[in-house]
Amino acid sequence: MKDISVSHQRDLKSNWLIFKPQERFLMDIKNKYAFEIGMIENNKIRNFLKPVIKRNDGGIEICYDISSLQPFSRILEVRKVKIDEIKNFIIEIIIAIKALEEFLLEPSSAVLHPDYIFTDLDFERFYYIYMPRSEGNT
């Protein structure tokens, strides 16, 4: 993702995925995407991880608790995916996108990269990240 730095932070109890918009995208996040940031911060959207938004020194960090979850990309590296799991994955994406529509959020801002799609260890549920962005900022 252009204009956003991504990092991980671990502490004794949690594992966090942190998105930090760089300066040239920061103004868009604060102005153009303020509605979207408010919606993901203040609502529980089905199949999406709820972020903790940290505002500091004029900047912003969008933090997702990914404790006890695995990135889909890591699972694809270590084992084959069964047909039922693929079907479930597709159904979960459809449910997630429909959930976004209920909150008037852009489906194009759902991050569908395997590194940012998370699943539980049972491979039963998938959890997505929402990162406001324009089509030119993917």
Side-chain angles (χ1 to χ4, degrees):
M1 286 179 275
K2 290 186 333 186
D3 300 328
I4 299 174
S5 63
V6 181
S7 62
H8 288 83
Q9 181 179 348
R10 292 188 176 108
D11 58 32
L12 293 174
K13 295 181 181 180
S14 303
N15 187 13
W16 293 90
L17 177 64
I18 302 169
F19 293 90
K20 186 173 183 178
Q22 295 173 357
E23 192 170 329
R24 62 187 210 193
F25 186 50
L26 184 59
M27 292 309 293
D28 281 348
I29 289 287
K30 288 182 175 180
N31 298 315
K32 185 177 178 182
Y33 300 114
F35 170 79
E36 292 180 46
I37 293 294
M39 291 301 278
I40 64 173
E41 180 180 25
N42 296 306
N43 294 289
K44 176 66 179 139
I45 303 171
R46 186 171 176 186
N47 289 23
F48 281 86
L49 296 174
K50 186 174 180 175
V52 173
I53 309 293
K54 296 182 181 178
R55 294 166 177 85
N56 51 21
D57 299 329
I60 189 171
E61 291 181 344
I62 304 169
C63 308
Y64 291 94
D65 185 357
I66 57 171
S67 304
S68 302
L69 298 174
Q70 294 294 316
F72 192 47
S73 60
R74 188 170 299 147
I75 289 172
L76 294 174
E77 290 173 0
V78 297
R79 73 174 186 84
K80 293 182 180 180
V81 180
K82 300 173 189 166
I83 190 73
D84 289 343
E85 295 168 333
I86 293 171
K87 287 178 187 176
N88 186 44
F89 176 73
I90 293 168
I91 290 168
E92 293 284 314
I93 288 176
I94 292 168
I95 290 169
I97 297 303
K98 287 182 185 256
L100 289 177
E101 292 172 356
E102 292 175 29
F103 290 92
L104 304 175
L105 294 171
E106 285 293 324
S108 64
S109 290
V111 180
L112 297 179
H113 188 282
D115 290 342
Y116 303 114
I117 297 172
F118 295 89
T119 186
D120 54 19
L121 296 176
D122 297 330
F123 212 58
E124 294 286 319
R125 298 274 319 265
F126 291 90
Y127 301 92
Y128 304 93
I129 301 280
Y130 190 88
M131 179 56 56
R133 64 186 192 265
S134 63
E135 288 184 26
N137 191 22
T138 55

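Hydrogens, waters and symmetry mates are skipped; everything else that's a heavy atom, side chains included, is used.
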field: Candidates Asn88, Asn47, Asp120 - the one meeting side-chain hydrogen bond (donor to acceptor under 3.5 Å, both in side chains) with Arg125
entry: Asn47
query: What closest approach, in Å, do Lys80 and Glu85 show between heavy atoms, and which atom pair accounts for it?
result: O-OE1, 4.3 Å
query: Between Ile66 and His8, is any pair of side-chain heavy atoms under 4.5 Å apart?
result: yes
- request: May I ask you to test the Ile4-Lys20 pair for a side-chain heavy-atom distance under 4.5 Å?
  value: no
- prompt: Atom NZ in Lys50, atom CG in Asn42: separation rounded to 0.5 Å?
  reply: 6.5 Å
field: Closest heavy-atom pair and its distance - Leu100, Pro107
entry: CD1-CA, 3.8 Å
field: Over 12 non-hydrogen atoms of neighbours within 6.0 angstrom of CZ in Arg10
entry: no
query: Is Ile86 reachable from Leu76 through a run of I, L, V, M, F, W or Y residues, each pair having side-chain heavy atoms under 4.5 Å apart?
result: yes
task: Using the rule that two of Ile, Leu, Val, Met, Phe, Trp, Tyr join whenever any of their side-chain heavy atoms come within less than 4.5 Å, decide whether Ile91 and Ile97 are in one cluster.
output: no
message: Nearest 0.5 angstrom please: Tyr116 OH to Leu49 CG, how far?
response: 13.5 Å
query: Taking the six-membered ring for Trp, are Phe89 and Phe72 parallel (under 30°), tilted (30 to 60°) or perpendicular (over 60°)?
result: parallel
- request: Taking all non-hydrogen atoms of both residues into account, name the closest pair between Ala99 and Arg46 and its distance.
  value: CB-O, 3.8 Å
message: Quick check for you: to the nearest 0.5 Å, what is the distance between Phe19 atom CZ and Asp3 atom CG?
response: 14.0 Å
- prompt: Which atom names give the shortest non-hydrogen contact between Gly38 and Asn43, and what distance separates them?
  reply: O-ND2, 4.5 Å
query: So, the side chain of Ser67 versus the backbone of Asn15: is there a donor-acceptor pair under 3.5 Å, distance only?
result: yes
NZ (Lys98) with more than 12 external heavy atoms under 6.0 Å: no
message: Hydrophobic clustering (ILVMFWY, side-chain heavy atoms < 4.5 Å, transitive) - are Val52 and Met131 grouped together?
response: no
field: Check: Asp57 side chain, Gly59 main-chain N or O, donor-acceptor pair, under 3.5 Å
entry: no
- prompt: Measuring from Leu69:CG to Thr119:OG1, what's the distance to the nearest 0.5 Å?
  reply: 7.5 Å
query: Is there a path from Ile60 to Met39 through hydrophobic residues (I, L, V, M, F, W, Y) whose side chains come within less than 4.5 Å of each other?
result: yes
Leu105 side chain reached by Ile40 side chain, heavy atoms, under 4.5 Å: yes
message: As an exercise, state the distance from SG of Cys63 to CD1 of Ile53, rounded to the nearest 0.5 Å.
response: 7.5 Å
query: Under the side chain to side chain contact (heavy atoms under 4.5 Å, CB included) criterion, do Phe48 and Ile129 qualify, and how do the steps go?
result: CA-CA 6 Å; Phe48 281 86; Ile129 301 280; 5.9 Å; no
- request: Kindly give the heavy-atom pair with the smallest separation between Tyr130 and Glu106, and that separation in Å.
  value: OH-N, 3.1 Å
task: Answer whether the closest heavy-atom distance between the side chains of Phe126 and Ile93 falls below 4.5 Å.
output: no
task: Please round to the nearest 0.5 Å and tell me the distance separating atom OH of Tyr127 and atom CD of Glu92.
output: 8.5 Å
query: For the hydrophobic clusters of this structure (ILVMFWY residues joined by side-chain heavy atoms under 4.5 Å, transitively), does one cluster hold both Ile90 and Ile95?
result: no
- prompt: What is the minimum heavy-atom distance between Ile37 and Pro132, and which atoms define it?
  reply: CD1-CG, 3.8 Å
